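Take a look at the structure set out below.
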Amino acid sequence: MQPSASKGVDSFDRLHPQIRRWIREQGWQELRDVQDRTIQAILGGDTDVLIAASTASGKTEAAFLPVLTRVADRTAPGVSVLYVSPLKALINDQFRRLDMLCERMEIPITRWHGDAPQGAKTRILRAPRGLILITPESVEALLLRRSADAEKLLGSLDFVVIDELHAFLQGPRGLQLASLLSRIELLGGVRPRRIGLSATIGDLALAASWLNPASPGSVAIIESSADGPELRLQVRGYVREPTEAGPDDLEIEGEPPKALDRIADHAFEILRGSNNLFFAGSRRSVEALADRFRRRAEAANVPNEFFPHHGSLSKELREELELRLKKGDAPTTAVATTTLELGVDIGSVKSVALLGPPRSLSSLRQRLGRSGRRQGAPAVLRVYVREPHLASDLDPLERLRPDIVQTVAAVRLLLDHFVEPPGLDPAVVSVALHQTLSMIAQRGGARADSLYRSLRSAGPFAEIYSPDYAELLRWMARPEVALLEQAPDGLIMLGEAGERLVAGRDFYAVFESDEEWRLSNGGRTLGVIPLSNVITVGSLLAFAGQRWRVVAVDDRAKVLEVTRHRSGRLPKFDRRSVEPIHDRLAAEMRAVYQSADVPPYLDAVARQLLEEGRQNFVEAQLAVRRYVNAGGDTHVMTWRGFAMNSVLAVLLTAAGLECEAHDLGVTVANATDNEVMGVLGNLTTTPSAQDLSEFVGNLRTAKYDAFAPEPLLRRMWTKTHASACARLPQLIKELS
DNA sequence: GACCTGCTGCGGTTTG
C-alpha cells in the first residue's frame, strides 16, 4: 500500500496486522478521509463515536476495522461487539461484507434475527464470543425470554455499533432501542462504547445526545467533508385532465391520456436502457405506474425493465429486483415507495425520479444520495409535478399551484443545506409502558424506582417525570386494566392482562401491524394486501406490476390464490396520517410566491404553473391578507408547518369553529374571514398549551396508548406541542 | 393526503 498522506500511514499502522493484509488484498490505494479519522477516534481515544457520511463513503469499514483491531485479542468470555440495524436485509448485507475478514481473524460473527439460522445462535450461546448482528426486536426477545442467556452473551460488551442511526432518532423504535441499550448495560454493569453510523443529518448535536445522553459533548463526531456530486435537476409540470379526480388508478383505454399516462410516456422513453429509481410516494401510485410501464413495454414489444418495490410485496420479489439492480447487467428501473431509501446495497443508479413534490428535505436528500455514486457522475433528479385543470369552480388554494411552489421551495432549502430536526416523540408514554412490562417480565418482578432509573438513563424519556411514571404504574395496576400487580413487599409483577400481552408474538415490536390477505400464485407468494379489501372468487387485482383474477379464497388462512388476467383493479392500501410539513418549508413557499425569479430547471409547463401560482397569490392579495374565501369556507393562511397548524386548529375548535389543518394553514368550515378574525380578536389572553390540550380529540395514537391514563397523555401533548404553543401569540397577531 | 420496520419456545415429526 502506497500511502498518499502521512496521517494515513499512522491510521493504517494502527490496525491489526491481519486487517492490514486484508486491506492490501482489497486493492485499496489509501484509506478514505472518514476511515482515517474514525480509526484515530476509536483507537486513539475512549469516547463514543458518531460517523455521519453518505451511503457510499465506506463508513461500515471505517467503524469495523478499528473495532475489530481492538477486540481481536480479547480472551474474556462474552460477546465483544453488538451491531444493531433497523433492517434484517442490512444485517445480511453486512454479514456478507464482514464474514471473510472475521473468519481470517478467528472472530466469530453471528446473525441474530427472526430469519437467521437457529444453529448459529445455539453455537454462540455455547461459547459466547465475537460479533452479533441483531435487530431491536430480537434484542427485546432475548432480554425478555432468555434473560440468563442475554447476560451471558451481552453482559460484557466492548462496543455497540448502531447502523442507520438517523432511523432511530425519531419514532417509537428509537425510544425502544435507547431503553434496550440501557437495559443491556444493567446486565453486566459495564457501559460499552457506542459507535453510531448515520447518513448526513441536520443536527449532529442531537444525534450525539441520543448516542450518549449523559455526556453528549464527549462524543467524537466525524462528518464527511466530501461535497456531494454535481446536481442535474429538472422539474416537469403536468396539468390534469378536467375529469381527473381522486387517487391514482389504472389507465383506461379509449379515454384521453391522464397526466399520469403522459408522465409514464416520458419516463418510459427517458429511463429505458439504464438503472434508475422512481419514487412514487404511495404503494397505490407505485402499482399504477408499474402497470403503465409494463403495458408500454408490451405495446412496444420490448422486454419490461420497470418493476415495483414496496413494503407489501413479498421479500422474494423485492430481493429479485434489488439483485437485478445491483448486478447491473440488465437495465432496470425500480418504481418504489420509501423502501429503497435506507441503506440496502443496490449499486449505483443513473437517475432518481419523484412523483409529486418532496415533502421533507431529509427524504429528498436520502433519495438523491442514491444517484451519482460513481466517481464524477452527476446526481440526476427529475420531479414530475401534477396540478389540476383550471376550472371556474376550482378551490382557490389549488389555484396557487402549491405543488409546483413546494417543489421550488424544497430545492431552495436543499441548496441551503436545511434538514428537519427531530422533535419530541409522541410515543414516549406508549414505549415507556411497553418497556416497563418487558423489564418486569425479564426480572420476574421489579421495584418502581429501579424501573424508572433504567428508563431515565436511556435519555429520550426525560420528559416523563417521576410523578408521571408513578401515575402510569398506578393506572396499569388498576383492577380493570390489570397489566400490573403489586406484592405486599412493594415488588411489582405482571397482572393477568400484562402476562397475556407479554406472551403474544406481537409484543416484540413497538409499532402496530394490521391483518392482511396473502396473495399466492402457484405456490409463490406475491405479497400482502389489507384484510379490509373485500375479496371474493372472481375479484380482480392489480399487484406486483401485473393483473390478476382471484380463483380461490382461503378465509381461515387468509390466502388468496390468483392467476394472471387481462384486467385488474388496484387494491386499497390502508392509509394513515400524512407526513407533516416543517415550518421552514412552509415559510419558504411563501418566499417563492413573493419572489420573481424563474428557476432554470423548470420545463415550459412548470414555468407556466409557477407563473399562474404567483399571479393568483397577487390576485388574492396574499402578501397582505391571511384569509382566502372558498364557497362558505375560509382558508386561514399561516405559512407555517403542520404542527403549528394543528395547534391553531385545536384553538379554533375550542372556540366552537369546525376546522381542519392542512399544509399551508387551517380550513374553517362554514365561516367567513370576519368570523374567524372575530374569534381570534375576542381572545383576551392566548390559551396555554394546557388549556388547549383539553380540546385535543385523538390523544391515543401509539400502539400501547390505549392502556395509559388520559390525564398523562394530555400532559404529554402539552409537552410535544409546547414550542408550537409558545409561538401561538405571534401567529394570532399576524392573523388579526 | 404516507411510508417503513419486526417476531419466541416448545413439542412433535422427519431426516441423516
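Computed from heavy atoms alone, side chains included, the values below leave out hydrogens, waters and symmetry copies. Everything numeric in this text was worked out from a predicted model, so none of it was measured. Numbers restart at 1 for each chain; the letters A, B, ... are given by sequence-line order, proteins then strands.
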Students often get this wrong, so: under 4.0 angstrom with heavy atoms, is [X] touching a base, only sugar-phosphate, or nothing?
X	result
A:Ser138	sugar-phosphate
A:Asp663	base
A:Gly504	nothing
A:Arg173	base
A:Pro136	nothing

- Message: Reading DNA chain B from 5' to 3', where do the contacts with chain A start and stop? Cut-off is 4.0 Å to heavy atoms.
- Response: B:dG1 to B:dG9
- Query: Could you give all pairs that pass the salt bridge (charged side-chain N to carboxylate O under 4.0 Å, His left out) test and reach residues 119-128 of chain A, with sequence neighbours left out?
  - Reply: none
- For DNA chain B, what residues of residues 311-321 of chain A have any heavy atom nearer than 4.0 Å? A:Gly311, A:Arg318
I'd like to check the salt bridge (Lys or Arg N to Asp or Glu O under 4.0 Å) partners of [X]; sequence neighbours left out, ordered by chain and number.
X	value
A:Arg590	none
A:Glu588	A:Arg412
A:Arg284	A:Asp249

Return the set of residues passing ring-ring contact (aromatic ring centres under 6.0 Å, His included) with [X] (not counting sequence neighbours), or none when no residue passes.
X	value
A:Phe642	none
A:Phe293	A:Phe306
A:His662	A:His635

- Query: If you find the nucleotide of DNA chain B closest to A:Arg146 and the one closest to A:His310, which residue's nucleotide is nearer the 5' end?
  - Reply: A:His310
- Would you mind telling me which residue lines up with the more 5' stretch of DNA chain B, A:Ala509 or A:Arg284, judged by nearest nucleotide? A:Arg284
- Query: Only one of A:Gln176, A:Glu137, A:Arg145, A:Glu140 forms a side chain to side chain donor-acceptor pair (under 3.5 Å) with A:Tyr508, so which one is it?
  - Reply: A:Arg145
